[in-house]
Protein chains: 2
Amino acid sequence: MSTSVVRAMRILELLSGAAKPMTLTSIAEELSIPKSTTHSILKALVGRGFLGLDEYQNYAVGLKAFEVGASHLRSTNAVEVVIPQLVGLTRDLGITSHYAILDGSDAVYLCKEDPPGLGLKLASSVGARLPAYTTAVGKAALAWLPEADLERHLDAIRAAVSQRQTVDRLIGELGGIRALGFSSDDGETAQGVRCVAAPVRYPSGPPGSIGVSYLRGSSLQDQQVIDGVVRAARRASEVLGYRD
Amino acid sequence: MSTSVVRAMRILELLSGAAKPMTLTSIAEELSIPKSTTHSILKALVGRGFLGLDEYQNYAVGLKAFEVGASHLRSTNAVEVVIPQLVGLTRDLGITSHYAILDGSDAVYLCKEDPPGLGLKLASSVGARLPAYTTAVGKAALAWLPEADLERHLDAIRAAVSQRQTVDRLIGELGGIRALGFSSDDGETAQGVRCVAAPVRYPSGPPGSIGVSYLRGSSLQDQQVIDGVVRAARRASEVLGYRD
DNA sequence: CCAACTTGTTCAGATATGTGAACCGTGTGC
DNA sequence: GCACACGGTTCACATATCTGAACAAGTTGG
């Protein structure tokens with residue numbers, strides 16, 4: 001049911017993940033949709049501005065999609081509360097900070113704050129999706145999940161990773177994270193980069209998490225970073241009305 | 001052709017502009033789509049994560065839409081060049097700066113930089129769409145448009161505004177803007193707020209524009225602001241490979 | 001406590017869309 | 001210069017969607 005709508009969404013997802021604009025034929029092949037059908041769907045998406053054509057007439061995510069997506073952030077009032085904390089954190093520590101939430105087996109980055117003076121910024125990680133169990137922000141959000149929700153997310157993770165062992169190790173790790181009050185990641189995601197994250201909790205609903213990334217061997221003391229992150233996350237939780 | 005895809009997009013646009021989540025019935029009524037059809041389209045959109053349900057089972061733009069939209073920014077390499085200029089501008093002047101591009105009769109804000117210390121930020125204007133002729137950024141982008149493109153955009157504006165006079169005045173204004181090298185807006189959009197903008201030009205394709213907003217009567221000298229904005233926009237243009 | 005009004009869901013028939021093959025235009029390599 | 005490969009477009013028919021009304025479930029108000 002509603003095949004064409006689902007197909008349109010899959011096209012948007014495909015193009016959003018693609019490194020560069022794609023041709024009609026390659027889209028059709030990748031998603032196993034007949035060319036002619038793909039043609040009419042693409043025409044509709046372009047007509048509405050959700051897709052655009054680059055200089056070589058290849059399809060890419062369009063301006064309207066950006067506009068619509070941006071409205072998601074505006075409606076997430078958590079972001080307004082979290083951003084000031086990210087700004088403070090980045091100012092105090094001089095490193096990049098993030099806010100992320102869980103979606104199934106993944107963590108999705110909603111916003112970030114970069115330190116000044118960082119010449120050209122890295123490719124923006126806003127909107128990025130990473131397996132939750134590989135990132136500090138993902139693990140922090142998982143660790144403070146209510147029992148019932150956790151099961152759901154773990155099921156999604158089990159479906160996504162082949163190794164049974166990975167999930168078992170993760171479950172063990174989550175207990176330790178709760179005890180410590182923060183999660184960390186030492187170069188598991190990116191070589192030489194250390195991440196620390198702590199949960200942002202809501203009166204109801206699953207937690208998000210605030211995290212920072214910095215190079216190992218920088219002048220920062222680990223304890224100083226941990227304190228900053230934990231404090232920022234706790235402050236955000238308080239402003240959001242969470243009482244422990 | 002492809003009615004359901006177009007309808008799905010219209011639903012996304014509607015919800016992105018809505019102040020709060022909507023019910024199935026209100027969506028169906030607003031867009032004149034039969035309830036049953038709306039039902040199946042909504043189910044498809046929710047299933048793919050492009051829409052989500054809030055606590056009262058009302059529909060709102062979902063996480064996947066945000067994710068897809070964010071990828072538009074990543075693919076717009078202009079943004080990487082422009083952001084450092086916005087950061088510098090905001091640091092030097094202590095006021096909010098923006099980057100916007102034209103889309104038909106509107107200007108759409110792609111990114112912004114807020115000054116530090118601004119307690120709670122205003123509702124983020126990223127992704128916002130305003131009539132181009134009412135904003136400094138919009139007028140700056142229009143003023144440096146190639147002749148052929150300008151006609152197209154003016155047609156769109158003519159279609160959007162009822163007053164013939166408004167467009168004629170705008171056309172006159174554009175000449176002055178080109179001569180000065182920047183556009184401005186004194187409280188036309190928001191009471192007491194002054195905006196100044198200058199074009200970011202590309203080797204090929206239509207220009208975007210960098211702009212700032214500040215309160216009239218602040219300690220800033222207008223000339224100082226103008227110089228900063230013009231310089232930032234010119235630097236961005238140079239990095240992008242534009243030669244005049 | 002009932003009635004009237006919501007909102008969301010289901011169903012079978014009318015209707016529009018999806019399909020695949022053939023067609024056209026372009027550019028590439030021989 | 002020719003043939004081939006590749007991307008995009010069109011068309012008539014099979015098929016799945018869209019429709020509108022009727023139904024279920026929950027809410028409000030008298």
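Reminder, nothing fancy here: chain letters follow the sequence lines and each chain counts from 1.
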Along DNA chain D (nearest heavy atom to each residue), the more 5'-positioned of A:T25 and A:V5: A:T25
[atom1] of [X] versus [atom2] of [N]: gap in Å, rounded?
X	N	atom1	atom2	answer
A:Y59	D:dG8	OH	P	6 Å
B:L24	C:dT10	CG	C1'	13 Å
A:N58	C:dT26	CG	P	17 Å
A:I41	D:dA16	CD1	C1'	13 Å
B:M22	C:dT7	CE	C1'	14 Å
A:K43	C:dT17	NZ	P	12 Å
A:R10	C:dG18	CZ	C1'	15 Å
A:I27	D:dT9	CD1	P	12 Å

Student check: side-chain heavy atoms of [X] and [Y] closer than 4.5 Å:
X	Y	value
B:R48	A:V6	yes
A:V81	A:V200	no
B:P206	B:L102	no

[N] phosphate, OP1 or OP2: any side-chain N/O from [X] under 4.0 angstrom?
X	N	result
A:T37	C:dT19	yes
B:S2	C:dT17	no
B:H39	C:dG8	no
A:R7	C:dT19	yes
A:S26	D:dG7	no

Under 4.0 Å between a side-chain nitrogen and a carboxylate oxygen: does that hold for A:R152 and A:D155? no
Counting only heavy atoms not in B:R129 (residues, nucleotides, ligands), do more than 12 fall under 6.0 Å from its CZ? yes
What I want to check is whether an N or O donor and acceptor connect the side chain of A:S36 with the base of C:dG20 at under 3.5 Å. yes
Taking atom types as they are modelled, would you say the side chain of B:K35 forms a donor-acceptor pair with the base of D:dG20 within the 3.5 Å cutoff? no
Selection from D:dG20, D:dG7, D:dC11 that lies nearest to any side-chain heavy atom of B:P34: D:dG20
Starting the side chain at C-beta, find the nucleotide from C:dT19, D:dG8, D:dA16 nearest to A:T3. D:dA16
For B:T96, is there any backbone N or O sitting under 3.5 Å from a side-chain donor or acceptor partner on B:S213? no
So for the helix from C:dC1-D:dG30 to C:dC30-D:dG1, with five pairs setting each end axis, what is the inter-axis angle to 10°? 40°
Below 30° counts as parallel, above 60° as perpendicular, anything between as tilted: where do the rings of B:H72 and A:F66 land? tilted
Quick one: closest heavy-atom pair of B:F182 and B:W144, and the distance? N-CH2, 3.9 Å
